[in-house]
Chemist: 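Questions regarding the structure given below will be posed in turn.
Note that ligands are numbered from 1 as they come in the structure, with each ligand's atoms numbered from 1 the same way. Hydrogens, waters and symmetry mates play no part in the numbers below; they use all other heavy atoms, side chains included.
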Amino acid sequence: MKLGNTEIKGKAVLAPMAGVTDRAFRELCMGYGAAYCVSEMVSAKGLIMSDRKTAELLAISDNERPMAIQLFGYEPEVLAQAARIAAQQNPAAIDINMGCPAPKIAGNHSGSALMKDPALCGRIVETVAKAVDIPVTVKIRKGWDSSSVNAVEVARACESAGAQMIAVHGRTREQMYAPPADWDIIAAVKNAVSVPVIGNGDIYSAKDAMMMLEKTGCDLVMVGRGSLGNPWIFREINSQYDLERPVSPPGIYERMTVMNRHIEKLCLYKGENVGMREARKHTAWYMRGIKGAAKLRVMCGELRTLSDMKELTKQALISALDLNE
Ligand SMILES: Cc1cc2nc3c(=O)[nH]c(=O)nc-3n(C[C@H](O)[C@H](O)[C@H](O)COP(=O)(O)O)c2cc1C
């Protein structure tokens with residue numbers, strides 16, 4: 001599949017997740033076969049006001065390409081100006097966040113609140129597309145709430161304005177992240193537009209991915225929470241297409257090796273202090289399914305240093321391999 005000049009090889013995309021899909025995690029998932037990834041959402045206003053922390057979110061290494069930078073905001077000109085800054089990092093695309101439900105984003109007219117005004121969505125795409133010479137894409141939800149399901153209308157408005165790809169999360173803003181995602185709305189958007197559509201919501205296995213591709217006709221699937229502590233999900237999905245290379249789920253050694261690699265990178269990019277604080281949630285996700293996980297998770301919550309993580313790794317191996325007396 002082509003997006004502008006970028007070739008996207010594969011079917012599974014890593015979803016943008018603020019506070020989770022930073023450079024360390026994106027590199028890991030791309031290494032395990034994600035076809036494409038998207039940055040954590042970046043404040044358009046923060047970027048144009050030269051906020052240092054915001055600007056740090058833009059860094060892209062070659063190991064994470066093809067990657068889009070996602071912006072949030074609501075003023076077309078501000079988003080366009082921010083897109084020009086973001087485009088200097090040579091991302092594959094600029095993605096506009098039209099789905100975030102968080103009160104501090106949606107309450108400020110941005111994210112999912114944009115879906116209340118399809119004409120504004122169109123104006124944003126048009127203005128940003130004029131400002132940069134790379135593709136502009138959008139990530140939308142099913143709608144704002146059950147009485148305003150308008151993903152098809154918003155997708156059409158964005159396509160007419162120049163959006164080159166549309167990701168659809170099959171939940172309304174009102175539903176946040178809880179009930180099962182509605183894949184029919186993904187199929188409805190796919191039928192309504194001619195640009196590629198990414199289906200998103202509730203992909204936790206290769207089987208889910210295959211089912212979504214088949215049921216909705218979407219071009220790519222986007223994996224969010226299914227990748228937490230589980231970057232292997234991309235390898236698993238890809239193996240469905242490459243019968244020569246069947247893969248088995250990661251064993252405890254692979255799990256622990258990759259967890260360590262992930263957290264070491266996190267510390268390398270953010271420093272040990274911040275890195276280890278963020279490592280608490282990631283390591284807890286890596287413990288899922290391991291014998292004695294509840295006890296191990298308590299250790300995860302107390303991590304302070306890389307050497308604490310070595311101790312956690314040792315205890316996880318002892319527990320998983322049942323080496324206790
Ligand atoms: C912790 C977290 C952070 C998220 N941050 C973003 C974000 O920055 N931008 C965005 O478009 N969506 C964001 N999302 C939504 C996901 O990209 C995705 O649409 C949602 O989780 C549904 O997919 P899933 O069922 O595979 O998790 C976030 C979701 C989670 C759980």
Chemist: How far is atom 23 (O) of ligand 1 from its nearest protein heavy atom, and which residue and atom is that?
Modeler: Asn200 ND2, 3.0 Å
Chemist: Do the side chain of Glu64 and the main chain of Ser61 share a donor and acceptor less than 3.5 angstrom apart?
Modeler: yes
Chemist: May I ask whether Arg141 has any heavy atom positioned less than 4.0 angstrom from an atom of ligand 1?
Modeler: no
Chemist: Compare all side-chain heavy atoms of Glu126 with those of Lys130 and state whether any distance is below 4.5 angstrom.
Modeler: yes
Chemist: Do Arg23's NZ or CZ and the ring of Tyr269 fall within the cation-pi criteria of under 6.0 Å and 45°?
Modeler: yes
Chemist: Backbone or side chain, does any N or O of Lys139 fall under 3.5 Å from an N or O of ligand 1?
Modeler: yes
Chemist: Tell me which pairs pass ring pair (Phe, Tyr, Trp, His ring centres under 6.0 Å) where either residue lies in residues 297-317, with sequence neighbours left out.
Modeler: none
Chemist: May I ask whether Ala181 places a heavy atom under 4.0 Å from ligand 1?
Modeler: no
Chemist: What atoms of ligand 1 come closer than 4.0 angstrom to any heavy atom of Asp202?
Modeler: 24 (P), 25 (O), 26 (O)
Chemist: Quick one: which ligand 1 atoms are inside 4.0 Å of a heavy atom on Arg171?
Modeler: 25 (O)
Chemist: Does a side chain donor of either Gln315 or Glu311 reach within less than 3.5 Å of an acceptor in the other side chain?
Modeler: yes
Chemist: Taking side-chain contact (heavy atoms from CB on, under 4.5 Å) as the test, write out the residues that go with Thr21, two or more places apart.
Modeler: Leu14, Met17, Phe25, Arg26, Glu40
Chemist: Looking at side-chain heavy atoms only, is the closest gap between Val223 and Tyr204 below 4.5 Å?
Modeler: no
Chemist: Atom 28 (C) of ligand 1: which protein heavy atom is closest, and how many Å away?
Modeler: Tyr177 OH, 3.5 Å
Chemist: Below 4.0 angstrom, N of the basic side chain to O of the carboxylate: do Asp182 and Lys142 qualify?
Modeler: yes
Chemist: May I ask you to check whether Ala18 has an N/O atom sitting below 3.5 Å from an N/O atom of ligand 1?
Modeler: yes
Chemist: Below the 3.5 angstrom mark, is there an N/O of Gly224, backbone or side chain, next to an N/O of ligand 1?
Modeler: yes
Chemist: I'd like the name of whichever of Pro101, Ala15, Pro16 reaches closest to atom 7 (C) of ligand 1 through any heavy atom.
Modeler: Pro16
Chemist: Quick one: which of Arg225, Met17, Gln70 has a heavy atom closest to atom 11 (O) of ligand 1?
Modeler: Gln70
Chemist: Is ligand 1 under 4.0 Å from a heavy atom in the side chain of Met41, in the backbone, in both, or in neither?
Modeler: both
